[in-house]
Structures are given as C-alpha cells and as structure tokens.
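Structure record follows, encoded as structure tokens.
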Amino acid sequence: MSTAQNRAAPEHVAIIMDGNGRWANARGLPRALGHRKGVEAVRETVRAAREAGIGFLTLFAFSSENWRRPEAEVNELFGLLKTFIRRDLADLNRGNVRIRIIGDRVRLRDDIRELLLEAEDATVANTGLTLVIAFNYGARDEIARAAAHLAAEVQAGRLKADEIDAQKLNDSLDTAGIPDPDLIIRTSGEERLSNFLLWQAAYAELMFVPEFWPDFTPEIFYAALDRYAARDRRFGGIAPSALAIGS
Ligand code: IPE
Ligand code: IPE
Ligand code: MG
C-alpha cells in the first residue's frame, strides 16, 4: 500500500475539490452537508500533504463563477471558510503551515478580507507546507488583473511595453513566488479545469479521480502521487532515457 514516505513528492499539488453537492444528493442530504463534510477532507488532505513532504498545496475553494449559485449556498461556502480559518489557524500554525490566499479580494466583504489577511500574517514566518487557498479565484480574472497592473506600470513610466515578457506577467499574478503546480488533481470524475490556474498549468500533470471530494482520503492522495511519479515529464524536450539511446 502507498505510504507518505516511499516516493519523490511533487513540489506543488493543486486540487479542484469537486463533487460535494453530488455526494450529498446521493445520500438524500442537502448540498450544504456535502460542503461541510468536504471540510473534513480538507483537514485530512493537508495532513497527508505535510506527511508527504509537499512544498505547496493549492485548494480550489470558491471560483469567480461560483457566484452563480443560489445565495444560500454562496453564504454557506463563505461561512465554512470563516469557520475553517477560525478553528484551524492555531493548529496550522503549530504544524508550521504557511497560508496564502489567491483570488480577487476586492469584491469580498470586509470581515472575510480581514480574516484572510489575518491568516496570512499569522503564518507568514512558517517554513513547512504552504497552503494556498484559491478563494473567489478565476484564472482569466487573475490574468486580466495582472495585465491591468502591468499597463498601469507602463502608464506611470516605470516599465516599457516591450519589457513585458512571460516572467513579468508571471510575477504579476496572484501566485507570484509560488512554483507552477506539478500535479493538478480533480475529484468527482469531471475532466475540465473550470478556469483554475490556466497560466500556471502549462506543464502540470492532470489527474482525474472518480471519488467525490468528501470521499477523498490520504490513500487516494498517495495513490495519485504514485501515478504522478510514474509519469514522464518532458517540458517540450526529450526524455533522458530516449537521449541515451539516441546518442
Ligand atoms: C465542490 O463541490 C465545491 C465547490 C465548487 C465550492 P460542488 O458544489 O461543485 O459539487 P457538485 O459538483 O455540484 O457535485
Ligand atoms: C470548480 O468546480 C470550482 C471549485 C472546485 C471551487 P465547479 O463545480 O464550480 O465547476 P463546474 O461548474 O462543474 O465546471
Ligand atoms: Mg462541481
């Protein structure tokens, strides 16, 4: 069986936590209960990531398109984020976990924005796992905000238009300073990115698992890490094994 220790871990794993609603539906429960159960899977997954020695774990918690859901469900998801941070911040701190938030904060309520800042500030000196929470996050929105930032720099005379390159755009994204994800896992059997990390996913390995998010366990996580370790990443080049044969 897979354990946390027996493989080379990817530096950055990102997860699209999908299927809370269907998990609840299948049990005749309200969708809100699926979301609540999903928080337990978050705790387990953070623990598993720490044990596996992963550097960065990004969790997609609320997308910029999730505002299309009924107001009650949106409120439930915001409430769960608040409770998670209030209840788990001390524990995460003890575990040397650093918290970073990506997504557009400007449109968030003041109390949520302050709580997110507090979580980042309280954990800024931690050197273990970085837990990146994507909240009110959409990749197109993120890229557009980065473009607007660079345009403002040009307008202010601090940057020339022809100095803008992929590195500068990269450094203007919410994920500045965070390495690109090596592995993106999506639960619930859906096979799409749903506007998640579109820029950063350029060379990510994609993995789709059938389980709904509330059923995601460390065992499923470690099995995904095993499958990742068996993949051949070439980044447009040639596999070292093929090079040896050709030379
Ligand atoms: C994932 O579960 C949680 C969020 C998107 C916030 P869903 O709520 O999307 O569950 P399904 O996909 O409807 O089953
Ligand atoms: C993606 O899931 C967003 C999160 C997991 C937060 P969705 O359930 O919103 O994606 P679609 O609508 O099925 O593409
Ligand atoms: Mg969904």
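Please read these numbers as outputs of a predicted model, since none were measured by experiment. Atoms within each ligand, like the ligands themselves, are counted from 1 in listed order. Heavy atoms only: backbone and side chains are in, while hydrogens, waters and symmetry mates are out.
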Is it the case that the ring center of Y137 lies less than 6.0 angstrom away from the ring center of W67?
no

Indicate yes or no: does D111 engage K82 in a salt bridge with an N to O separation below 4.0 Å.
yes

Taking H12 as the fixed residue, which of T175, T58, D180 is the one that meets the side chain to side chain donor-acceptor pair (under 3.5 Å) rule?
T58

Per-atom contacts, ligand 1 versus H35 - under 4.0 Å to a heavy atom
3 (C), 8 (O)

Are there more than 12 heavy atoms of other residues, nucleotides or ligands under 6.0 Å from atom CZ of R87?
no

May I have the N/O to N/O pairs between ligand 2 and the protein that fall below 3.5 Å, each with atom names and distance to one decimal?
| unit_1 | atom_1 | unit_2 | atom_2 | d |
| --- | --- | --- | --- | --- |
| ligand 2 | 8 (O) | D18 | OD1 | 3.2 |
| ligand 2 | 8 (O) | R69 | NH2 | 3.2 |
| ligand 2 | 9 (O) | N66 | ND2 | 2.9 |
| ligand 2 | 9 (O) | R69 | NH2 | 3.3 |
| ligand 2 | 10 (O) | R186 | NH2 | 3.3 |
| ligand 2 | 10 (O) | S194 | OG | 3.4 |
| ligand 2 | 13 (O) | R192 | NH2 | 2.8 |
| ligand 2 | 14 (O) | R192 | NE | 2.8 |
| ligand 2 | 14 (O) | S194 | OG | 2.6 |

Considering only NZ, NE, NH1 and NH2 on the basic side and carboxylate oxygens on the acidic side, decide whether E190 and R22 come within less than 4.0 Å.
yes

Can you list the atoms of ligand 1 that are under 4.0 Å from a heavy atom of R31?
7 (P), 8 (O), 10 (O), 13 (O)

Report the atom name of the nearest N/O/S atom of D18 relative to the Mg ion (ligand 3).
OD1

Would you mind telling me which of R43, R36, K37 makes a salt bridge (Lys or Arg N to Asp or Glu O under 4.0 Å) with E40?
K37

I'd like to know whether CZ of R233 has more than 12 heavy-atom contacts from other residues, nucleotides or ligands below 6.0 angstrom.
yes

Check for me whether the distance between the ring centres of F135 and F78 falls short of 6.0 Å.
yes

Is the Mg ion (ligand 3) less than 2.8 Å from at least one N/O/S atom of E190?
no

